[in-house]
Peer 1: 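One structure is given below, represented as structure tokens, and several questions about it will come after.
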Amino acid sequence: MVSLFAVADAVTPGGTLLVLSLLVPVAGILAAMLAGGRHVARVVAVVVVIGLAVAVAIGWQMLQSGSELVYWLGGWAPPLGVGLRADGLSAVMMLITAVVVGGIAIYARAEFRTPPGVTEARAPYVFWIMLLGIWCGLNAVFVSADLFTLYVALELLTFSAMPLVCLDGRAETLQAALRYMIFALMGSVLYLLGAVLIYGAYGTLDIAQLGQVTQADAATVAACVLMTIGLLAKTALFPLHLWLPPAHAGAPPAASAVLSALVVKGSFFIVVRIWFDAMPGVPGLGAAQLLAAMGAAAILFGSVIALRQQRLKLLIAYSTLAQIGYLFIMFPLAFDPAVGEFVRGDALTGGMLQAMSHATAKAAMFMAAGLIYATLGHDRIGEMAGVARVVPITVLAFAVGGIALMGIVPSGAYLAKKLLLGAADGSGQWWWSLVLEAGGFLTASYVVLVIAQALAKPAAPIVPRVRVARSQEWAALALAVCSLLLSLAVLGPVPASLISNPLAPKELLASAIAIIGGALLVLAYSRELPRFAIVDRIAGLLRPLRGALGALANGFVRIDDAARQWSIAGLSMLVLTLLFGAAMVLQR
Amino acid sequence: MTETTLLGLCAAVLVGLGLFGLIVNPQPLRKVLAFNVLGGGVFMLFGVVARRGAAMGFGGDPVPQGLVITGLVVSFAATALAVALILRLHAVAGTASLRADALDATTAPPTAAADDAAAVQRLT
Amino acid sequence: MNVLPWAGALVAVLLLALALWVIVVRSTFAAVVGFVAYGIILSLVWMLLHAPDIALTEVAIGSGLTGVLLLGAGSRLRGTEGNENAHAPGAVVRVVAALLCAAVTVGLGLAVLLLPEPAPSLAPLVAANLYRTELGNPVTAVLIAFRATDTMLEVVVLLLALVGAWSLAPDRVWGGYPGLRHHADPNGMLVYAARRLPPLGIVVALYLFYAGSNSPGGEFQSATVLAAMWLLAMLAGVTHAPPTAALRVRALLVMGSTVFLVVGIVGMFTAGAFLAYPAGWAKVFILAIEVPVTLSIAVALGMLMAGAPERPVQA
Amino acid sequence: MISALDVFTLVFVAGGAIFFLAGTVGLLRFPDTLTRLHALTKADNLGLGLIVIGLLPRVDSVTAGIKLVCIWALVLFASALVSQLIGRAARREELDQ
């Protein structure tokens, strides 16, 4: 998927499509802002259809021409002008973004409807415009070939994401939005500082040109460190995640889906661009190991704390924290010691595939959580028993999304894991295989917990507070199924031998082991055991173990609480800056 | 040392000061101020880079100079948005703190009555 | 520009002292006042760095508008200071943070010292292509021709920030009047200034706009002066910010970006690329963009200063 | 060679500088807002005025001279306005106490 397309050096046919991918959301923002009221949702509906068509056209054009798409804005060639460039990564990310935005838009039509008798309401107006703003920012991130345009795109993302966090106006969400805003601003200004140093050293901001000239001198190393740290703060990689759990858990469900599935991927994508394309020879293996170690810590802390949550939305938010960690495991695996650079290969494909499966699955899970909340009037995991009988499609969507995340055939995460494991074996870094395998069990644990709770027998029959719209349930399920079948969609570029028959005994056994392992973890230290007779009996047997593991998990929670203190997070950021700097300098 | 290099080092110190303020000062408005000090340092370094690239009769490389102007406007928008957010948090919660425990559990949901009360309080 | 050999050192010391003051002083009011001075000294730095365009922008936006914004916010938040300061991190955290920040500064300083000589520059490329934009000011050429897409996206960023600020309104006052109502004091000096200064300010703004094509100035500086005049009238109570739902306001806001978009698409068909200008027509195309964009930016800046709606339209 | 014009400039700029110095000392030493304001306005108006007069013979063109005078006029206007506002605020605060 990644090395399929030739590198292009001049404007290519079809490059106009890249401009369209920016212009369509911008035009939508302007039209929606002007028209207001009920027209906003209509404008967005039109823009979603056209935007999806543009994304498909870009992918089709690339398959046809077998080359990257390049466009020079204003006809000015880089470095003087700004270039747009789409490779395989950009194309698939744009496509998956368009699909997720489409799914969220269908879901949100019921949630953000202008009430009758009102010409214009605040929440719908803001939600729809910001949805387009996020889409525009993401497309700009995916196609821009210029470090400064990427900075503007990052700010576009932040400014659009912040209002979504506090859309309901409660004090907690306003505080969450403020924490996010200030931390993200710090991140983007550090990124900009790195870009400034790059310009000072090379006189260009064009990523393709930089890829050919960058070398590990002082300014470049400093730039790489600053940009990486700034972007990690915006991606909320552990321990720079102080803003993520409250922001993602407190927003309205549709907004949470956007934030969790899409927004964090923007800054992650720029990290990939910088490490693989702009300066592949600069960071070195040491820094990559550090990055992956942060990812491993994120998986461990995110998953363990997710299982200790009492509220479904917080559980999903912490799951996002863990899944962000997954995205960074690929970096040391993609390092080729022979050339001393990060090279595009199976590891990168695996990492990006992970990002795409998480985008679809997590959007589906947040939507499902929103529907469960609407049905029950709360999202307390301990009181969810029997909800599967009331909203079966919703629970199915959550389950399918969760299974897709666990990495069971034929989900995208399955293929991602397989590619990453292969790369880990190939480079002899067995410890990352261990992390990947453990991560699978940890993911399974919180998914199994929620599904078991939903399937359990209710103490009293549930009377749904509202009837959720069918369209919302199906939107969630569709995205979840997308994630589950993602590996099939990329069958073309990867060898078919990587995908096994999901019903083969070996795969069934692997899936069963993952689920049983997850169930055992639930029994070991979950606070909200589902009410099944057998569960009680096993938990009784495991009591001493549960006590010890519960205390351990509480320790994790306490460390996480401390790490999310503003000053501690700030200090971690500075320490990591110095550590990355030291790792890159020692590498030389 | 040339004047330009001196100003470049000065910019580096401004970045350090800004970071310190962002991390250590507990008040969000002061964090926004520190963010602006930090931004001033970053833009100044860009100006130093531009000045180093002076050629062809231009006093500085015009490309980074143009980018600084764009950056200043974006940074103003960020400041305005952050300030609006701080003021709203203050109006709803009576505090503009970033600490999770500063919001007591009794913080009222945003009802019309609470909004009115907040509005009245602000207007007087 | 370099009147005195040690002007750079003097300005650097002043700047650092002011920055330190902004960061460590206890009172927020004092910090904001320090910040305004910091911005003014920073604009002196821009003159030393031969960047008069940025000096103008810094004074207008970086110091002026930001200063007014923070002063207003500081006065509304007075009273929360003491409570928050009680929760300042302890001495250990402060010392560690100071040491770490110093280490980062040293690293950054080293990177600055080790920047390659001779410095790379795009100035020759700009000089070689300037004639194609029919502009005399290279910075304006960068903003409106070579990197016009950045500028377009940036205006969209301003709009999104504005909608973001509006989104902080209570539902009840959505679409209403932003900010506090200032009452005009009939005998006040401010009212006098708000009536006398704007004509002068508009002339200055027009001059900056007109001069921007060939000498320092341009649409951002011009728009900021316009916004400042509007803000002065608002603060004096001579006028008030219009309701955010007003169609004329929204039309003015989106006008600039819309024209940007349309002219860009016209460029696709007449000059072969988005936001390209056909030979001989560059000046016309650029003017067609700059006039509405200046107005839109001025309105957006003014509305951003006014903040979220606080009073419903009916009241 | 020092010409008569140079002497003129030196005298006026030095005079302006003295007013600025005096104004700053006043700002630091005077006891309350109003007296401090009094010190400051002298620096703004007279000090800057003297400096502008001192610089006028040295300008290259008439436009530059007009610019200098405009700067002075604007500062006069702004400082008068701001002093008035600060004075009012100080008085209001005094009455409140």
Side-chain angles (χ1 to χ4, degrees), chain A residues 11 16 19 22-23 26-27 29-30 33-34 36 71-76 79-82 119-123 125-126 129-130 133 136 140 148-149 152-153 155-156 159-160 162-163 166-167 169 174 193 197 200-204 217-219 221-223 226 567 570-571 574-575 577-578 581, chain C residues 89 93 96-97 100-101 103-104 107-108 110-116 119-122 125-126 129 142 145-150 152-154 156-157 159-161 163-171 174-175 245 247 250-251 253-254 257-258 261 264-265 267-268 271-277:
Chain A
V11 177
T16 314
V19 186
L22 299 183
L23 295 195
V26 168
I29 293 169
L30 298 176
M33 209 177 147
L34 182 65
Y71 192 85
W72 292 344
L73 290 160
W76 306 103
L80 182 61
V82 176
T119 44
E120 183 176 286
R122 185 183 64 93
Y125 186 80
V126 174
I129 288 179
M130 293 307 164
C136 178
F148 188 81
T149 309
V152 179
E155 294 297 45
L156 203 61
F159 291 5
S160 313
M162 186 287 275
C166 57
L167 207 49
L174 287 165
L193 183 56
L197 286 172
Y202 301 102
T204 178
D217 56 16
V221 164
L226 290 166
S567 49
L571 293 184
L574 294 177
V575 169
T577 309
L578 298 174
Chain C
V93 172
V96 173
L100 291 172
C101 287
V104 170
L108 187 58
L110 277 178
V112 171
L113 286 177
L114 293 173
L115 278 175
S121 172
L122 289 178
L125 266 179
V126 173
N129 287 290
V142 169
F146 304 137
R147 302 188 62 110
T149 316
D150 281 353
M152 186 192 86
L153 284 179
E154 179 212 347
V156 175
V157 167
L159 294 184
L160 287 173
V163 176
W166 290 353
S167 83
L168 299 166
D171 277 320
W174 175 253
L247 190 64
R250 292 189 179 172
L253 284 170
V254 301
S257 322
T258 310
L261 215 68
I265 293 171
M268 273 181 176
F274 181 69
L275 278 174
Y277 310 123

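Quantities reported herein were computed from a predicted structural model and do not represent experimental measurements. Sequence lines set the chain letters: A, B, ... in the order given, protein chains first and strands last, and positions in each chain run from 1.
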Peer 1: For A:L22 and C:M152: C-alpha separation, side-chain torsions, deciding distance, then whether side-chain contact (heavy atoms from CB on, under 4.5 Å) applies.
Peer 2: CA-CA 11 Å; A:L22 299 183; C:M152 186 192 86; 5.9 Å; no

Peer 1: CD1 of C:I265 to CG of A:L23: how many Å apart, nearest 0.5 Å?
Peer 2: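 If I round to the nearest 0.5 Å, the distance is 5.5 Å.
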
Peer 1: Pick one of side chain, backbone, both or neither for A:A222, based on which atoms fall under 4.5 Å of a heavy atom in chain C.
Peer 2: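 The answer is the side chain of A:A222.
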
Peer 1: Who wins among C:A111, C:G175, C:A271, C:A251 for the most heavy-atom pairs under 4.5 Å with chain A?
Peer 2: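 Looking at each option in turn, the highest pair count goes to C:A111.
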
Peer 1: Does any backbone or side-chain atom of A:I29 lie under 4.5 Å from a heavy atom of chain C? Answer side chain, backbone, both or neither.
Peer 2: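 Interface part for A:I29: side chain.
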
Peer 1: Please determine, among C:L275, C:L122, C:L125, the option with the most heavy-atom pairs under 4.5 Å with chain A.
Peer 2: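 Counting heavy-atom pairs under 4.5 Å, the top option is C:L122.
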
Peer 1: Side chain, backbone, both or neither: which part of A:V82 has a heavy atom under 4.5 Å from chain C?
Peer 2: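 Both parts, backbone and side chain.
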
Peer 1: For a quick test of reading the model, state the closest non-hydrogen atom pair linking A:P163 to C:S167 and the distance between them.
Peer 2: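 Scanning both residues completely, I find the closest heavy atoms to be CB-OG, 3.6 Å.
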
Peer 1: If you compare all heavy atoms of A:G203 against all heavy atoms of C:P120, which two are closest, and at what distance to 0.1 Å?
Peer 2: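 So the two residues come closest at N-CG, 3.4 Å.
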
Peer 1: If you count heavy-atom pairs under 4.5 Å between each of A:G81, A:A223, A:A140, A:A121 and chain C, which one has the most?
Peer 2: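 Most pairs with chain C among the choices: A:A121.
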
Peer 1: Give, for atom CG of A:L73 and atom CZ of C:F274, the distance between the pair rounded to the nearest 0.5 Å.
Peer 2: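 Going from the CG atom of A:L73 to the CZ atom of C:F274 covers 7.5 Å.
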
Peer 1: Examine whether an atom of A:L578 lies under 4.5 Å from a heavy atom of chain C, and if so say whether it belongs to the side chain, the backbone or both; otherwise answer neither.
Peer 2: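 Side chain only.
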
Peer 1: Determine, stepwise, if the pair A:M33 / C:V156 fulfils side-chain contact (heavy atoms from CB on, under 4.5 Å).
Peer 2: CA-CA 11 Å; A:M33 209 177 147; C:V156 175; over 6 Å; no

Peer 1: By a 4.5 Å heavy-atom criterion (distance strictly below it), what part of A:A27 contacts chain C: side chain, backbone, both, or neither?
Peer 2: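 Both backbone and side chain of A:A27 come within 4.5 Å of chain C.
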
Peer 1: Among C:C101, C:A119, C:A145, C:S121, which residue forms the greatest number of heavy-atom pairs with chain A at distances under 4.5 Å?
Peer 2: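 Among C:C101, C:A119, C:A145, C:S121, the one with the most close pairs to chain A is C:A145.
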
Peer 1: Would you say A:V19 and C:M268 make side-chain contact, with heavy atoms under 4.5 Å?
Peer 2: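 Yes, their side chains come closer than 4.5 Å.
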
Peer 1: Can you check whether C:V157 reaches A:F159 side chain to side chain, under 4.5 Å on heavy atoms?
Peer 2: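 Yes, their side chains come closer than 4.5 Å.
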
Peer 1: Calculate, to the nearest 0.5 Å, the distance between atoms CZ and CG belonging to A:R122 and C:L168 respectively.
Peer 2: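 One gets 8.0 Å once the value is rounded to the nearest 0.5 Å.
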
Peer 1: Minimum heavy-atom separation for C:L153 and A:L156, please, with both atom names.
Peer 2: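 Smallest heavy-atom distance, with atoms named: O-CD1, 4.4 Å.
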
Peer 1: Could you tell me which non-hydrogen atom of C:P116 sits nearest to which non-hydrogen atom of A:A201, and how far apart they are?
Peer 2: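 Heavy atoms of C:P116 and A:A201 come nearest at CG-O, 3.5 Å.
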
Peer 1: In sequence, state the C-alpha distance, the side-chain angles, and the governing distance for A:L574 and C:V96, and then conclude on side-chain contact (heavy atoms from CB on, under 4.5 Å).
Peer 2: CA-CA 10 Å; A:L574 294 177; C:V96 173; over 6 Å; no

Peer 1: What closest approach, in Å, do A:G74 and C:A273 show between heavy atoms, and which atom pair accounts for it?
Peer 2: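 Heavy-atom minimum between the residues: C-CB, 3.9 Å.
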
Peer 1: Check whether C:A148 gets within reach of chain A through its side chain, its backbone, both or neither, counting any heavy atom under 4.5 Å.
Peer 2: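 For C:A148, no heavy atom lies under 4.5 Å from chain A.
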
Peer 1: Are A:Y125 and C:W166, when compared by the centres of their aromatic rings, separated by less than 6.0 Å?
Peer 2: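 When the ring centroids of A:Y125 and C:W166 are compared, they turn out to be at least 6.0 Å apart.
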
Peer 1: Using non-hydrogen atoms only, which part of A:S567 is less than 4.5 Å away from chain C: side chain, backbone, both, or neither?
Peer 2: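 A:S567 touches chain C through side-chain heavy atoms alone.
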
Peer 1: Using the side-chain contact (heavy atoms from CB on, under 4.5 Å) rule, take A:L34 and C:L247 through it: C-alpha gap first, then chi angles, then the decisive distance, then the call.
Peer 2: CA-CA 7 Å; A:L34 182 65; C:L247 190 64; 4.2 Å; yes

Peer 1: For the candidates C:L253, C:L114, C:L115, which exhibits the highest count of non-hydrogen atom pairs separated by less than 4.5 Å from chain A?
Peer 2: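 Top count of heavy-atom pairs under 4.5 Å with chain A: C:L115.
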
Peer 1: About how many Å separate CH2 of A:W76 and OG1 of C:T149, when rounded to the nearest 0.5 Å?
Peer 2: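 Rounded to the nearest 0.5 Å, the OG1-CH2 separation comes to 12.0 Å.
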
Peer 1: Mind ranking A:C136, A:G36, A:G581, A:P79 by heavy-atom pairs under 4.5 Å with chain C and telling me who comes out on top?
Peer 2: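 Counting heavy-atom pairs under 4.5 Å, the top option is A:P79.
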
